[in-house]
Amino acid sequence: MAKSIVSTKRLSRQLINWLLEEDRREKERPYRKQEPHRQHPWWQVMCLTGVDYFSTLGYQPGIAALAAGALSPLATLILVLLTLFGALPIYRRIAAESPHGEGSIAMLERLLPWWQGKLLVLCLLGFVATDFIITITLSAADATAHIIENPLAPNWLHNETIAITLILVALLGAVFLRGFREAIGIAVVLVGVYLVLNSIVVSVGLYQILAHPVAIANWQTALFARHSNPLILVGIALLIFPKLALGLSGFETGVTVMGLVQGSSSDTQEHSKGRLRNTRKLLTFAALIMSFFLLTTSFITILLIPTAEFASGGKANGRALAYLAHLYLGNGFGTIYDLSTISILWFAGASAMAGLLNIVPRYLPRYGMAPNWARVTRPLVLVYTAIAFVVTIIFRANVEAQGGAYATGVLVLITSAAFAVTLSAHRHREKRSKLVFGIITLLFLYTTVVNIIERPEGIRIAGFFIGAIIFTSLVSRVWRSTELRAERIEVDELAGQFLAEESQGAIRLIANRLNTGDALEYFLKEKEVREDNHIPPNDPILFLEIHVSDASEFADIIKVRGVQVGDYRILRAESAAVPNAIAALLFYIRDQTGKIPHAYFGWVEGNPIQYLLRFILFGEGDIAVVTREVLRRAEKNPHRRPGVHVGG
């Protein structure tokens, strides 16, 4: 019995160690910068983006047919126009303003500083999570549809849709638990084969329509059955097309992979015109290719596939193009098409999982809003896989049912991108651009609102993610608030001279909140502190003043300036939090001079809870108490810890 307990504990410890295992070379410190990636020709990177973007052809035509019926080609045409003249100009502008692949979220973060910008980013991350999770579950569900509807598949698989989808999701999670790195080479092969096969299916479909003109006549009859006025049909298509918004996915990814795009030989880190030019090629060609396939596939599927086959349980449900491939090109070609579609859909799920694993290190650690376990890949993989399991079961692995939730995530991101570009044009006083992008923003806002009203499940899932992200982020921020929060400290020549002079004796710093900044202010402050703390009148002192820059930031570079006001020497700096900056500077002085510095504060009066909130939100509060706690946590040896003195 005792041996069994010991063995169980040992296995548990080994499991925990394996889950928390991390490559230290990749995570040297919580505020690390992104290492440069190997760069590739733009068309190869387009294939990496296309794994997610082009794979939607696996289910988009079927969803369009269910949503719009005979109006599907017209509604798709509106979607294509919005793609080419709305989304494409927006993301071409975003590429210019985020040359290192930061994307629209980081652009909004820069344009909206302080806490409102951080809160907006957290909300958008909730929609990003919705987008990626639904990409995983929707792709797995559609891959399952291609498996079970293949004529060579046994009939009993039809009753195991949820189980097969869960197995595919579990395999995806298992791959990431073992370790996965996106390979552009695989993406190029998958996308290249998939687009060639789709071109063949489209060509055969168009040939069948030309060979049987009755298909066009039947479509026209169905199109004008209820309304003979073309303007009314266009109006209805405008109301319906938001349901087809899945075809807009991929633009945000196209910008975020910008760092992988090869530029010209004259490019520098600051000026990369070649990479920007090639990224714009990537976005434009991807949009043109997708627009071509969206239009042609919606046309051939609605004309050649009986309406009943699109419905749940029908042979074209979630696999309209595969249905045509089997029908007109035989089961051999159809099976090859199925395998290609399953492969690219699975890889789209892998791309989404990689994107999810990059969300936390890109934003939350910089905000101090990532728990320690969230820096490790394997626990996150388990969490995301479990969520994907729940979503799959809730939607019963139904492709069409998940379309609305996916479209919500895509549309919110594009709408926020349009708003960011409009705001940027306003800041740059570009009246014409502001008007154009403002109109595009309103169009995407309309599309988003209509989609949310029609399919509210997307906003529910996003609401769950937003709530979870905000709650865990705030808890983590409070928990980590007493870290040093300084990447490094830089002192100018005069500040260094002050410290060198002080190192000859005891180093005493008086914390002061800058008011008038004249000699009288420092005279009165020095007199008060010397009396309260019994500092000998001949002992030299330095004043230390920290100005709060942006309290919503977590870690920053503290730049210390030396200032002389009369006979008084002052060290001035800016930081997100006063107590943390003082503690970091005291450690810096200790390490540079080899002497333990002493900091002097005055007591504050008021509600301690109020001061705690002031510290968390505004970077100030009860500075002496918090400085002492930061020092205590950072230095366990009290004999090496800088001194904190409070008088008054």
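When reading the values below, keep in mind they use all heavy atoms of this one structure, side chains included, and skip hydrogens, waters and symmetry mates. Predicted model, so just to flag it, every value in this text is computed and none were measured.
- Contacts classified as side-chain hydrogen bond (donor to acceptor under 3.5 Å, both in side chains) and involving residues 293-303 (residues at least two apart or in different chains) are not found.
- Summarising the local packing, OH of Tyr328 is surrounded by more than 12 heavy atoms from other residues, nucleotides or ligands at distances under 6.0 Å.
- Closest approach of Ser473 and Leu122 over heavy atoms only: OG-CD2, 3.8 Å.
- Scanning both residues, Ile136 and Ala388, for their nearest heavy atoms gives CG2-CB, 4.3 Å.
- At least one donor-acceptor pair under 3.5 Å links the side chain of His212 to the backbone N or O of Gln208.
- With hydrogens and angles ignored, the 3.5 Å screen pairs a side-chain donor or acceptor of Thr447 with a backbone N or O of Leu443.
- Distance check, rounded to the nearest 0.5 Å: CG of Asn159 to CD1 of Ile148 gives 9.0 Å.
- The shortest distance between side-chain heavy atoms of Phe310 and Ile63 does not fall below 4.5 Å.
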Evaluate the criterion side chain to side chain contact (heavy atoms under 4.5 Å, CB included) for residue pair Ser199 and Phe293; output intermediate values, then yes/no. CA-CA 8 Å; Ser199 299; Phe293 279 111; 3.4 Å; yes
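- Counting non-hydrogen atoms of other residues, nucleotides and ligands closer than 6.0 Å to OH of Tyr207 gives a total of 12 or fewer.
- Formation of a donor-acceptor pair under 3.5 Å by the Ser433 side chain with backbone atoms of Ala425 is not found in this model.
- Identified under the side-chain hydrogen bond (donor to acceptor under 3.5 Å, both in side chains) test for residues 136-146, with sequence neighbours left out: Thr137-Gln402, Thr144-Thr165.
- Between Leu329 and Ile200 the shortest side-chain heavy-atom distance falls below 4.5 Å.
- Under the 4.5 Å side-chain criterion, counting only non-hydrogen atoms from C-beta, Leu321 is in contact with Ile300.
- To the nearest 0.5 Å, atoms CE (Met290) and CG (Leu295) are separated by 11.0 Å.
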Before giving the answer on side-chain hydrogen bond (donor to acceptor under 3.5 Å, both in side chains), spell out for Thr83 and Ser291 the whole-Å C-alpha distance, their side-chain angles and the decisive distance to 0.1 Å. CA-CA 8 Å; Thr83 297; Ser291 297; 5.1 Å; no
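- Taken to the nearest 0.5 Å, the CG atom of Leu282 stands 7.0 Å off from the CH2 atom of Trp42.
- Counting only distance, with no hydrogens or angles, the side chain of Thr284 and the backbone of Lys281 share no donor-acceptor pair below 3.5 Å.
- A donor-acceptor distance shorter than 3.5 angstrom exists from the side chain of Thr279 to the backbone of Arg275, with no hydrogens or angles considered.
- Side-chain contact between Val128 and Phe465 is absent, with no heavy-atom pair separated by less than 4.5 Å.
- Contact detail for Ile305 and Ala316: the closest heavy-atom pair is CG2-CB, 3.8 Å.
- The shortest heavy-atom contact between Tyr384 and Ile133 is O-CD1, 3.9 Å.
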Assess whether side chain to side chain contact (heavy atoms under 4.5 Å, CB included) is satisfied between Tyr53 and Val191, documenting all intermediate values. CA-CA 10 Å; Tyr53 195 20; Val191 170; over 6 Å; no
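- Between the CG atom in Leu88 and the CD1 atom in Ile440 there is a gap of 10.0 Å [rounded to 0.5 Å].
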Check against side chain to side chain contact (heavy atoms under 4.5 Å, CB included), Leu294 and Gln60: CA-CA 8 Å; Leu294 285 173; Gln60 170 77 7; 3.5 Å; yes
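- By the side chain to side chain donor-acceptor pair (under 3.5 Å) test, Tyr323 pairs with no residue at all, sequence neighbours left out.
- How far OG1 of Thr335 is from CD1 of Ile342: 9.5 Å, rounded to the nearest 0.5 Å.
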How far apart are the C-alpha atoms of Val421 and His426, what are their side-chain angles, what is the distance that settles it, and do they pass the side chain to side chain contact (heavy atoms under 4.5 Å, CB included) test? CA-CA 9 Å; Val421 169; His426 174 71; over 6 Å; no
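- No side-chain donor-acceptor contact under 3.5 Å links Thr161 and Arg396.
- Using a 4.5 Å heavy-atom threshold, the side chains of Leu435 and Lys431 count as separate.
- Annotation: side chain of Tyr337 is not in contact with side chain of His326 (no heavy-atom distance under 4.5 Å).
- Classification of Arg93 and Glu430 as a salt-bridged pair holds, one side-chain N sitting under 4.0 Å from a carboxylate O.
- Looking only at side-chain heavy atoms (C-beta outward), Ile90 and Ile94 come within less than 4.5 Å of each other.
- Using a 4.5 Å heavy-atom cutoff, the side chains of Glu309 and Asn317 are not in contact.
- Taking SG from Cys123 and CD1 from Ile466, the interatomic distance works out to 5.0 Å, rounded to the nearest 0.5 Å.
- Closest of all the heavy-atom pairs between Ser424 and Glu97 is OG-OE2, 2.6 Å.
- Of all heavy-atom pairs spanning Ile302 and Pro73, the tightest one is CG2-CG, 3.7 Å.
- The backbone N or O of Ala140 lies less than 3.5 Å from no partner atom in the side chain of Trp346, so there is not a single donor-acceptor pair.
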